[in-house]
Amino acid sequence: MEYYDSNTVLYLNGQFVKSADAKTDLYGQSLHYGYAVFEGIKSYNTHNGTRIFKAKEHFDRLQRSAELMHIPFPFDKNELIRQTYKLLEKNNLKDAYIRPLVYCGTNMSLSQATESSIVIMAWEWGAYLGCNLQKVCISSYQRPNPKSTHIEAKASGNYINSILATTEAKNKGFDEALLLDIDNYVAEASGANIFIEKSGKLYTPSLGSILPGITRATVIKLCKTLDIECIEKKITVEELKNADSAFFCGTAAEIIGIGSIDDTIFPATWTETLGATIQRTYKALVLEKQNYEVII
Ligand code: PMP
């Protein structure tokens, strides 16, 4: 995977610089302790031009993550959105993945950051989990205890847990890991939220031990439009394994069906599930197709 070449530029603290020339200090807390916050955003080549999906929501979450982590956020979010559009233009990108990262200055102590930088990068990235139904295992790793960190912040250090979980899942021959929370309720995947379908209704884990996904919120809204009952609650592994179908959702993963969890295969045919309906509707929404709700 090539993220940049000699022509690529990134946005760094108000300026566009060549990615190959950009530098960072190695004496910093972000690199050593994972003390940084970031976002994962997508832009789409729509018939209305290149559009960054839910740009405001993503930059709002970036700021909230920084505040929760006591990392200064002296940036104007509207200006960041404007500069992100410029970044896409300069790199000739339309369908792109956009990665803003707020990281800390020179400081090797375990004290709160007093200065920060922002870098925004973009590259072409296909569907994060691919297009096939996912073969998923329940991870032996739990999501971090929400009392040991701010799990609702998209903080770099939290992703060590995600790397461990996906590494274990892939080594065991699965596509993706599903992590439980500290009370053994279903939480989320390494980089996506989960919904299950049972008897014509959708269920998703309530907030508390998960990243409050922007796609998750979009799916909940779509359910209202589509008159699908969607319930946020604590979900047990037994409920999960007795579901008719299930899917992951996330900015990079979009909506992707789950074929099986451990040895349990979901009985419903994917194309006939509520997840498949949400998948089609979500695609129409991000592409700004008119009357997306009547397409189904
Ligand atoms: N959970 C985790 C752990 C994630 O990394 C992501 C991806 N950001 C999500 C859920 C989905 O969040 P979103 O829909 O905002 O991309």
Side-chain angles (χ1 to χ4, degrees), residues 34 36-44 52-66 68-69 84 96-102 120-122 125-130 134 136 138-139 141-146 148-169 175-182 185-196 202 204-223 230 232 235 246-256 258 275 278-279 281-283 285-286:
V37 293
F38 68 100
E39 266 307 317
I41 315 177
K42 256 189 118 161
S43 67
Y44 291 90
I52 302 173
F53 187 62
K54 303 275 178 198
K56 181 181 181 309
E57 286 80 350
H58 281 283
F59 281 100
D60 281 349
R61 188 172 63 186
L62 185 66
Q63 179 174 23
R64 167 114 180 102
S65 297
L68 283 167
M69 291 294 167
T84 306
Y97 182 79
I98 300 155
R99 166 56 57 82
L101 172 76
V102 177
I120 309 177
M121 298 165 269
W125 221 13
Y128 170 63
L129 293 170
Q134 298 289 289
V136 174
I138 301 224
S139 182
Y141 297 98
Q142 293 177 331
R143 286 302 279 162
N145 183 335
S148 69
T149 183
H150 293 290
I151 197 73
E152 72 270 41
K154 201 164 165 62
S156 298
N158 290 347
Y159 282 81
I160 294 173
N161 173 252
S162 297
I163 292 172
L164 288 172
T166 50
T167 303
E168 178 191 57
D175 298 318
E176 178 57 314
L178 178 68
L179 292 90
L180 307 181
D181 68 17
I182 56 161
Y185 288 105
V186 173
E188 60 187 332
S190 59
N193 293 115
I194 187 170
F195 284 75
I196 64 170
L202 286 182
T204 193
S206 30
L207 300 180
S209 285
I210 60 172
L211 185 80
I214 289 164
T215 320
R216 176 185 178 277
T218 304
V219 170
I220 291 171
K221 251 197 195 156
L222 282 178
C223 285
C230 181
E232 294 174 66
I235 296 173
F247 62 90
F248 288 135
C249 71
T251 300
E254 301 182 324
I255 311 292
I256 181 80
I258 301 173
I278 297 283
Q279 189 179 47
T281 317
Y282 184 80
K283 196 85 210 171
L285 178 66
V286 297

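Both counts, for ligands and for their atoms, begin at 1 and track the order of listing.
Put simply, no part of G40 is less than 4.0 Å from ligand 1, judged by heavy atoms. Ligand 1 has no atom lying under 4.0 Å from any heavy atom of S162. Using a non-hydrogen distance threshold of 4.0 Å, E39 does not register as a contact of ligand 1. Residue contact check for ligand 1: K154 places a non-hydrogen atom closer than 4.0 Å to it.
Under 4.0 Å is where a charged nitrogen must lie from a carboxylate oxygen, and between E254 and K42 at least one such pair does. Remark: E232 engages R216 in a salt bridge, criterion side-chain N to carboxylate O under 4.0 Å.
In this structure, atom 16 (O) of ligand 1 lies nearest to the protein heavy atom T251 OG1, 2.6 Å. Regarding atom 12 (O) of ligand 1, its nearest protein heavy-atom neighbour is G213 CA, 3.4 Å. From the protein, the heavy atom lying nearest to atom 11 (C) of ligand 1 is N193 OD1, 3.6 Å. When hydrogens are left out, the protein atom nearest atom 1 (N) of ligand 1 is E188 OE1, 2.6 Å; that is the closest non-hydrogen contact. Atom 14 (O) of ligand 1 has T215 OG1, 2.5 Å as its closest protein atom, hydrogens excluded (heavy atom only). The protein heavy atom nearest to atom 5 (O) of ligand 1 is Y159 OH, 2.5 Å. Annotation: atom 7 (C) of ligand 1 to nearest protein heavy atom, G191 O, 3.4 Å.
Only the side chain of R143 comes within 4.0 Å of ligand 1, counting heavy atoms alone; its backbone N, CA, C and O stay farther away. At a 4.0 Å heavy-atom cut-off, ligand 1 does not touch A253 at all.
Here the CG-OG1 distance, from L285 to T218, works out to 7.0 Å after rounding to the nearest 0.5 Å.
Environment of CZ in R64: sparse, with no more than 12 heavy atoms of neighbouring residues, nucleotides or ligands closer than 6.0 Å. Atom CD1 of I160 has 12 or fewer heavy atoms from other residues, nucleotides or ligands within 6.0 Å. Residue Y97 qualifies as enclosed at atom OH: its count of foreign heavy atoms under 6.0 Å is above 12.
Checked by distance only, ligand 1 and I214 come closer than 3.5 Å through their nitrogen or oxygen atoms.
Between N193 and T215 the shortest side-chain heavy-atom distance does not fall below 4.5 Å. Contact of the D181 side chain with the Q142 side chain is not registered, since no non-hydrogen atoms from C-beta on lie closer than 4.5 Å.
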Would you sort out whether S206 and Y185 count as a side-chain contact (heavy atoms from CB on, under 4.5 Å), showing the intermediate values?
CA-CA 10 Å; S206 30; Y185 288 105; over 6 Å; no
